[in-house]
Enquirer: 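Have a look at this one before I ask anything.
Starting from 1, each residue takes its place in the sequence as its number. Start at 1 and go down the list; that is how both ligands and their atoms are numbered. Hydrogens, waters and symmetry mates are skipped; everything else that's a heavy atom, side chains included, is used.
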Amino acid sequence: MGRKIIIFDTTLRDGEQSPGASMNVHEKIAVAKQLEKLGVDVIEAGFAAASPGDLEAIKEISKNVEKPIIASLARAVRKDIEAAAEALKDAKRKRIHTFIATSPIHVEKKLSMSYEAVKEAAVEAVKYARNFCDDVEFSAEDATRSDWDYLCEIFEETIKAGATTINIPDTVGYTTPQEYYELVKYILNKVPNIDKVVVSVHCHDDLGMAVANSLSAVLAGANQVECTINGIGERAGNAALEEIVMALKVRADFYKDCYTDVNTKEIYATSRLVSRLTGIKVPRNKAIVGLNAFAHEAGIHQDGVIKEKSTYEIMKPEDVGIEMSKLVLGKHSGRHGLEERLKELGYTLTKEQLEIIFEEFKKLADKKKEIYDEDLRALIEEKFKLTPQVYELVSLQVVAGSAASPTATIKLVKNGEEFEDAAMGDGPVDATFKALERITYVKGKLKSYDIQALTEGKDAIGEVVVKVFFPDINDTITGRGTSTDIIEASAKAYLDAINKALMKM
Ligand code: KIV
Ligand code: ZN
């Protein structure tokens, strides 16, 4: 039996701090539920004191997710700890994660505190947090640029105060695998009672070493790794969960039989969900979950794989939940075939929901000969949106071309009442967005617009992802839409963003 490594997922806290990655409460619950399915041990659901939205999301996740420990971040101040405790009230298993910076640059320039005062604040925070729950994590922010002996002192005192996990963050992605290994060893050798607590690591990817550093720390003896799905996070991101988990699994021989409780077959679905909801695309060549991760292009490689997969594949796509794009259904497929395939994809629908999807499936099959898994996922997500829809698209008519002034005429429905208007623009997409704004009276500033085909072929479904800044709520929101018609996909994406903005008004 090897050593269990605790997987602490911070996609919903540090990951959500990626520029433009913010999710609403419905989306956060969906991610948390998927993380539970994935089998992570701890979900850091947010930073309760940061905003009422964060607090609400942690509360809802605490009510909706049972197995993992739910954590909230809190600075080493009473009001943050109280907010964390309040947010976690309904969690079956909860953790307060408190932190303060310990490096000279942070202590002197950011906090303007003495080192003694920082230590006292850390101890007080841990003691105070212990009044609300038995599971308290203390993080020494910017640990890797801190004095090692000072770090040991602060960990010794916070353990005495009741911390059950101590975390050694590489906040700015500055360390190297060898140096981090030595730091973890130093702490393990120097700090009294360190064997009574969990030793955790938390790495950022500024120099592209977050995963390597985390794994090096595991070798040194750390038994919790903090990471995010797809490696999203502040600046260059955090250590990628999928890479750490698969490295430990594939190279268990090297990592001295360390193991995690992650169900690796849920990795791909989790990666896709996070990418869709945050609007942050996974690069094609991203390890484990990128589209090319299991594609063999060179003739020699293809030849080798055909003869014996392990010549060029160190893990199977199925191990991470990637089903090699199967042709599933077509025009003549029936309800039963559709239901079975949806079940295989992880969707269990009620009879009514199946009926709705079957209707949509038939309409799609009229436009598109071959229907793939990605098409089915797009249908489900388009039809059963996570966020309640204020307006729905009824129809869209666009006139465009080199000799025409682009004009869009749109009909929307809200609570059974129909609204119609038209607008002209620089192009068909611009005209469409303007018409949507005229009908809904919601004005936004388009920050980014991305389009991609979900499957192969000229008749593929197009997915549009927009990021829109809404001055009325001072927030940037991600909207998504899919359709075989890219202008319609654009309209749905912009309307999705407007609907989410309306929920916040
Ligand atoms: O990077 C960091 O230091 C953090 C801490 C708050 C744990 O995210
Ligand atoms: Zn961080």
Side-chain angles (χ1 to χ4, degrees), residues 6-19 21-22 40-51 54 58 69-77 80-81 83-84 87 95-107 109-111 118 121-122 125-126 129 135-146 150-151 154-155 158 163-175 180 183-184 187 197-211 213-214 217 222 224-241 244 278 280:
I6 298 166
I7 296 295
F8 176 116
D9 180 276
T10 183
T11 306
L12 293 169
R13 200 277 298 170
D14 227 349
E16 215 225 359
Q17 284 173 224
S18 310
S22 68
V40 305
D41 302 284
V42 186
I43 295 175
E44 187 162 54
F47 184 171
S51 72
D54 254 47
I58 301 170
I69 294 169
I70 309 298
S72 169
L73 189 67
R75 284 168 301 182
V77 291
D80 277 29
I81 293 167
R95 172 178 300 180
I96 295 178
H97 176 194
T98 185
F99 75 99
I100 192 162
T102 51
S103 65
I105 188 136
H106 280 239
V107 171
K109 303 278 188 241
K110 183 182 86 175
L111 300 172
V118 165
V126 170
D135 186 344
V136 172
E137 173 168 337
F138 170 71
S139 284
E141 190 189 8
D142 205 14
T144 51
R145 292 194 297 169
S146 303
Y150 177 63
L151 259 187
I154 208 161
F155 285 144
T158 46
T164 46
T165 297
I166 60 114
N167 185 30
I168 314 164
D170 183 30
T171 305
V172 290
Y174 181 73
T175 198
Y180 205 40
L183 173 59
V184 173
I187 291 166
V197 300
V198 171
V199 174
S200 170
V201 290
H202 175 116
C203 296
H204 282 265
D205 209 31
D206 300 66
L207 291 173
M209 293 192 278
V211 169
N213 288 337
S214 306
Q224 174 175 287
V225 177
E226 303 194 353
C227 41
T228 61
I229 301 296
N230 301 336
I232 63 168
E234 280 277 359
R235 307 179 308 280
N238 290 54
L241 180 147
I244 287 168
T278 56
I280 299 178

Enquirer: Should Glu234 be listed as contacting ligand 1, given a heavy-atom distance under 4.0 Å as the test?
Expert: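 No; Glu234 lies far enough from ligand 1 that no heavy-atom distance drops under 4.0 Å.
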Enquirer: Looking at Arg13 and Glu226, is there a salt bridge between them, counting it only when a charged N and a carboxylate O are closer than 4.0 Å?
Expert: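 No, this pair does not count.
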Enquirer: Would you please say whether a donor-acceptor pair under 3.5 Å links the side chains of Thr165 and Glu137?
Expert: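 No pair is found: no donor N or O on one side chain lies under 3.5 Å from an acceptor on the other.
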Enquirer: Any idea which heavy atoms bring Leu12 and Asp9 closest together, and the distance?
Expert: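 Closest approach of Leu12 to Asp9, heavy atoms only: N-OD1, 4.3 Å.
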Enquirer: If you measure every N/O of His204 against every N/O of ligand 1, is any gap under 3.5 Å?
Expert: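 It does: an N or O of His204 is found under 3.5 Å from an N or O of ligand 1.
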Enquirer: Ignoring angles and geometry beyond distance, decide whether Asn167 reaches within less than 3.5 Å of ligand 1 through its nitrogen or oxygen atoms.
Expert: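 No, Asn167 has no N/O under 3.5 Å of an N/O on ligand 1.
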Enquirer: Which of the atoms of ligand 1 are close to Glu141, meaning less than 4.0 Å from one of its heavy atoms?
Expert: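 Within the 4.0 Å cut-off of Glu141, ligand 1 contributes 3 (O).
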Enquirer: I need the single residue from Leu73, Asn167, Thr171, Thr102 that forms a side-chain contact (heavy atoms from CB on, under 4.5 Å) with Ser139. Which is it?
Expert: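 Option passing the side-chain contact (heavy atoms from CB on, under 4.5 Å) with Ser139: Asn167.
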Enquirer: For the pair Asn230 and Ile280, evaluate side chain to side chain contact (heavy atoms under 4.5 Å, CB included) and give the outcome as yes or no after the intermediate values.
Expert: CA-CA 9 Å; Asn230 301 336; Ile280 299 178; over 6 Å; no
Enquirer: Using a 4.0 Å heavy-atom threshold (strictly under), name the region of Arg13 that reaches ligand 1: side chain, backbone, both or neither.
Expert: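 Contact part for Arg13 vs ligand 1: side chain (C-beta onward).
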Enquirer: Counting only protein N/O/S, how many atoms fall short of 2.8 Å from the Zn ion (ligand 2)?
Expert: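 Total protein N/O/S atoms under 2.8 Å from the Zn ion (ligand 2): 3.
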Enquirer: Ligand 1 and Thr171, any nitrogen or oxygen pair closer than 3.5 angstrom?
Expert: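 Yes, Thr171 has an N/O under 3.5 Å of an N/O on ligand 1.
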Enquirer: Do Thr11 side-chain atoms and Ile229 backbone N/O form a donor-acceptor pair below 3.5 Å?
Expert: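 Flag set: sc Thr11 to bb Ile229 pair under 3.5 Å.
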Enquirer: So does Phe47 get a backbone contact from the side chain of Asp54, meaning a donor-acceptor N/O pair under 3.5 Å?
Expert: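 Flag set: sc Asp54 to bb Phe47 pair under 3.5 Å.
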Enquirer: In terms of side-chain heavy atoms, does Asn238 have a donor or acceptor partner in Thr228 at a distance below 3.5 Å?
Expert: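 No.
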Enquirer: Output yes when the distance from some N or O of ligand 1 to some N or O of His97 is under 3.5 Å, and no in every other case.
Expert: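 Checking ligand 1 against His97, no N or O pair falls under 3.5 Å apart.
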Enquirer: Taking all non-hydrogen atoms of both residues, which atom of Ile168 and which atom of Ile187 are closest, and how far apart?
Expert: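 So the minimum-distance heavy-atom pair works out to CD1-CD1, 3.7 Å.
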Enquirer: Only counting residues at least two apart or in another chain, list the ones meeting ring-ring contact (aromatic ring centres under 6.0 Å, His included) with Phe8.
Expert: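 So Phe8 forms a ring-ring contact (aromatic ring centres under 6.0 Å, His included) with His97.
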Enquirer: If you have a sec, work out which protein heavy atom is nearest atom 4 (C) of ligand 1 and how many Å separate them, to one decimal?
Expert: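 Closest protein heavy atom to atom 4 (C) of ligand 1: His202 NE2, 3.5 Å.
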